[in-house]
Amino acid sequence: MNTEREYWKAGNMLYPVPAVMISCQRPGETPNIITIAWAGTVCSDPAMLSVSVRRERYSYDIIKETGEFVVNLTTKELTRAADYCGVKSGRDMDKFSVLHLTPSVSKTVDAPGIAESPVSLECRVKQIMELGSHDMFLAEVTAVSVNPDYLDEDGKFHLNELGLVAYSHGEYFTLGEKIGKFGYSVQKKK
């Protein structure tokens, strides 16, 4: 193995990342969807996550003003819609309507989820951090809803079998082969 390293200009190469669809809505207005790849878990208790959004994006002001949004996990079947929502602006169209997606009623926030998504995480903004090209919305997860179409006959939810999508260096991928589980490296052999 080559132990020498080649150095490039500093950049974000922390890939893969989830490609999620964020739904948001001002009271009395049409809901919007923006696709975000800069999203991640930041705390388990309380459950918190972050999403980073450019200030010029249409959804930025909606999230900032309302203080809430819904993170919808993206599957292989939703990838085209996710890509579309990442390159088209809600200023110009109703993305739910154009993409034939269904807004789902949320329990703890006024923004809808996306019914076709297997998992929707309702979020309330706790802090906004101005970072540079993006501002980060640090948010508490206030509820999680699961589309019952993704439950098996025993009511079990098999999240890792849903064809979830990751984004890596400008491309979308479905999650692949399971290669281990948490703690397997120290697990006692039977």
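Nothing fancy with the numbering, it's 1 onward along the sequence. As the structure is a prediction and not an experimental result, all values here were calculated from the model. Values below: all heavy atoms of this structure, side chains included; hydrogens, waters and symmetry mates excluded.
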Dump the intermediate steps for side-chain hydrogen bond (donor to acceptor under 3.5 Å, both in side chains) on Asn32 and Tyr58, then the final yes or no. CA-CA 9 Å; Asn32 191 49; Tyr58 178 63; over 6 Å; no
Using a 6.0 Å cut-off, check whether atom CZ of Arg55 has over 12 heavy atoms from anything other than its own residue. yes
Should Thr66 and Gln25 be marked as a side-chain hydrogen bond (donor to acceptor under 3.5 Å, both in side chains) after you check the CA-CA gap, both sets of side-chain angles, and the distance that decides it? CA-CA 8 Å; Thr66 64; Gln25 181 178 18; over 6 Å; no
His158, NE2: over 12 other non-hydrogen atoms inside 6.0 angstrom: yes
Quick one: OG on Ser59 to CZ on Arg54, what's the gap to the nearest 0.5 Å? 14.0 Å
Is the number of heavy atoms from other residues, nucleotides or ligands within 6.0 Å of CE (Met93) greater than 12? yes
From Thr75 atom OG1 to Leu164 atom CG, the distance as rounded to the nearest 0.5 Å: 7.5 Å
Rounded to the nearest 0.5 Å, how far apart are NZ of Lys88 and CD1 of Ile33? 15.0 Å
Among Val125, Asp135, Ile128, which one satisfies side chain to side chain contact (heavy atoms under 4.5 Å, CB included) with Ile63? Val125
Between Glu65 and Arg26, does any NZ, NE, NH1 or NH2 come within less than 4.0 Å of an OD or OE carboxylate oxygen? yes
Inter-residue atom distance Ile34.CD1 - Ile62.CD1, 0.5 Å rounding: 9.0 Å
Glu130 CD: over 12 foreign heavy atoms closer than 6.0 Å: no
